[in-house]
Amino acid sequence: MLRPRALPVLLLVLAVALAMVATLATSAEAARKKKRSVSWAPAATATITPGVQMYTEGSQCTANFVFTDREGGVYVGYSAHCAGLGEATDTSGCGQQSVPLGTRVTFERGGSQLSAGTVLGTGTLVYSSWETMNRLGTTDPNTCDYNDFALVKVSAADVGKVNPSIPVFGGPTGIDTDGTVAGDQLFSYGNSSLRAGIELLSPKYGVSLGTSGDGWTHQLYTLTPGVPGDSGSAFVDAEGKAIGTLSTLGLAPLPLSNNTGDLSRELAFAQQHSGIPGLRLALGTEPFAPALPALGGLPALPGPGSLGGLL
C-alpha cells in the first residue's frame, strides 16, 4: 500500500527520471543530426577530384566540385545536361528528358576519342536540376536556361579516393555569392576527351564578361575555350571561391565565349529540392594558388547574351 507521505518522494523520483529520459533523447537526436566528418585522400594521390572525367551512358563531362551531406555521403557535381537525352542545341533544362536517377556514372582518366579511359571509381546519379525542374513544373526562363547542375553520389568503396581540391589551382575556398563584373579573373580546369589526354590544356585562365540572367549565369572568355567534354567544369574567382559550373559554348554575338551556371543559386536550388540532408560544398585541402600568371589586361567585351549550344 502506498503511504500518503511517500507520494511526494515518488513524484520527485518520477520527475527526475522523465527529465533524464528527455535529456538522453535530445542528446541522441542531436548526435543523429550532427554532420559526420569525411576523411579525404591526400591531394597528391587522390584519383577522384574536381576535373576528373565522368561518363554517363557514353556521354563524357568534367567534374566540378565535391559535396558532402550530414550523414557523411560524398558527391561529385557535373552538368545536368550530361545526363540529358536531348540535342546539343537544347540548352533549356525545362521540357528536356534525362536518364533516370539511379543511373550508374563512372569516374575515368585518360578517355579520348581514340581509346577508352581507365575507370577510377563509380557513382550513382542522385540529383539532376533538369529532372527536378520538370517534376516541379518550373517556368522561370533564367532558371530553366542556366540551372544546369547534377550530383553523383560516390560509391562507398570509392569514397577513400576522393579529394575536393581543384587540380593545379587548389581551393575552393568557399562560395562567391556576389557575382562577377566584366574583367574579373576566373580559373577553371577542363578535361575534355577531345584533347586526347593533353593535360597542359586543362588549366584555364580567363576573364568574366559579367553576370546576367538575374544572377543565374556568368559569361566569360578563357584560354583555351571550353569545348564539348569540358561541361560541368568548376570555375573559381581570384580568391578561389566557387563561382560557377561550365554549361554552354557561345556562338553569337561572342564566338567561343562560355557560359556558366551560378553555383550559389544552383546549390541553393539543390538544397531545397534534392532531399539530400545537409548538402554543402566541400572546401579544398590545398590552398588556392594559381600556378601561372592570370590573363590580366584582356579587354572588357560587350555584355552577356549568347546563341550557342551545350558542351
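From a predicted model like this one, the values you see are computed outputs, not experimental measurements.
At least one donor-acceptor pair under 3.5 Å links the side chain of Asp230 to the backbone N or O of Ser192. Between the Thr180 side chain and the Leu209 main chain, no donor and acceptor come within less than 3.5 Å of each other. Under the 3.5 Å distance criterion, the side-chain polar atoms of Thr217 are left unmatched by any main-chain donor or acceptor of Tyr146. Listed for the Asn134 side chain is a donor-acceptor partner under 3.5 Å among the backbone atoms of Gly95. Side chain of Asn258 to backbone of Gly226: a donor-acceptor contact under 3.5 angstrom is found.
Under the rule for a side chain to side chain contact (heavy atoms under 4.5 Å, CB included), the partners of Thr122 that lie at least two apart in sequence or sit in another chain are Arg104, Thr106, Ser155, Asp158. By the side chain to side chain contact (heavy atoms under 4.5 Å, CB included) test, Ser188 is found to be paired with Lys204, Ser233, Phe235, residues two or more places apart in sequence or in another chain being considered.
Under the 4.5 Å side-chain criterion, counting only non-hydrogen atoms from C-beta, His81 is in contact with Trp130. Considering only heavy atoms from C-beta on, Ser92 comes within 4.5 Å of Asp145 through its side chain. Contact check for Thr222 versus Leu220: side-chain heavy atoms found under the 4.5 Å cut-off. Between Tyr189 and Pro50 there is no side-chain heavy-atom pair separated by less than 4.5 Å. Within the 4.5 Å cutoff, no side-chain heavy atoms of Phe65 are placed close to those of Leu267. Residues Val52 and Asn191 have side chains not in contact (no heavy-atom distance under 4.5 Å, counting atoms from C-beta outward). Contact check for Leu85 versus Val99: side-chain heavy atoms found under the 4.5 Å cut-off. No side-chain heavy atom of Leu120 sits less than 4.5 Å from a side-chain heavy atom of Lys161.
A centroid separation of 6.0 Å or more is found between the aromatic rings of Tyr127 and Phe67.
Across all their heavy atoms, Cys82 and Thr56 have their closest contact at O-CB, 3.9 Å. Scanning all heavy atoms of the two residues, the minimum distance from Ala63 to Met54 falls at CB-SD, 3.5 Å. Taking both residues in full, the closest heavy atoms of Ala83 and Tyr78 are given as CB-OH, 3.9 Å, listed atom of the first, atom of the second, then distance. Here the closest heavy-atom approach between residue Leu279 and residue Ser274 is recorded as CD2-OG, 4.1 Å. Considering all non-hydrogen atoms of both residues, Thr68 and Ala282 come closest at CG2-CB, 4.4 Å. When all heavy atoms are compared, the tightest approach of Glu239 to Asp237 is N-OD1, 2.9 Å.
Residue Thr49 holds its OG1 atom at 10.5 Å from CZ of Phe107, rounded to the nearest 0.5 Å. Rounding to the nearest 0.5 angstrom, the gap separating the OG1 atom in Thr245 from the NE2 atom in His218 is 9.0 Å. The structure places CG of Asn64 at 9.5 Å from CG of Leu246, a figure rounded to the nearest 0.5 Å.
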With a 3.5 Å cut-off and sequence neighbours excluded, list the donor-acceptor pairs that the side chains of residues 165-172 form with protein atoms.
residue: Ser165; atom: OG; partner: Asn163; partner atom: OD1; Å: 2.8
residue: Ser165; atom: OG; partner: Thr285; partner atom: N; Å: 2.9
residue: Ser165; atom: OG; partner: Thr285; partner atom: OG1; Å: 3.1
residue: Ser165; atom: OG; partner: Glu286; partner atom: N; Å: 3.1

| task | For side-chain contact (heavy atoms from CB on, under 4.5 Å), just list the numbers for Ile175 and Lys241, CA-CA rounded to whole Å, side-chain angles, deciding distance to a tenth of an Å, and then say yes or no. | result | CA-CA 5 Å; Ile175 298 178; Lys241 291 184 178 180; 6.0 Å; no
| request: Please test Phe149 against Phe269 for ring pair (Phe, Tyr, Trp, His ring centres under 6.0 Å), starting from the C-alpha separation and ending with a verdict. | output: CA-CA 10 Å; Phe149 181 67; Phe269 191 92; 10.0 Å; no
| task | Assess whether side-chain contact (heavy atoms from CB on, under 4.5 Å) is satisfied between Gln53 and Ser193, documenting all intermediate values. | result | CA-CA 8 Å; Gln53 292 179 327; Ser193 58; 4.0 Å; yes
| field | Verdict with reasoning, Arg195 to Thr224, per side-chain contact (heavy atoms from CB on, under 4.5 Å) | value | CA-CA 11 Å; Arg195 295 194 182 87; Thr224 57; 3.8 Å; yes
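Considering Val105, Leu151, Leu101 in turn, Leu151 is the only one that fulfils the side chain to side chain contact (heavy atoms under 4.5 Å, CB included) rule with Val126. When each of Leu263, Val236, Thr211, Leu186 is tested with Ile243 by the rule side chain to side chain contact (heavy atoms under 4.5 Å, CB included), just one qualifies, namely Leu186. Exactly one residue among Val154, Val152, Asp69 makes a side chain to side chain contact (heavy atoms under 4.5 Å, CB included) with Tyr75. That residue is Asp69.
With no hydrogens or angles considered, no side-chain donor-acceptor pair links Ser231 and Ser79 at under 3.5 Å. No side-chain donor-acceptor contact under 3.5 Å links Thr132 and His273. Side chains of Ser257 and Gln219: a donor-acceptor N/O pair is present below 3.5 angstrom, by distance only.
Note on Asp214 versus Arg265: no salt bridge recorded, every NZ/NE/NH1/NH2 to OD/OE distance being 4.0 Å or above.
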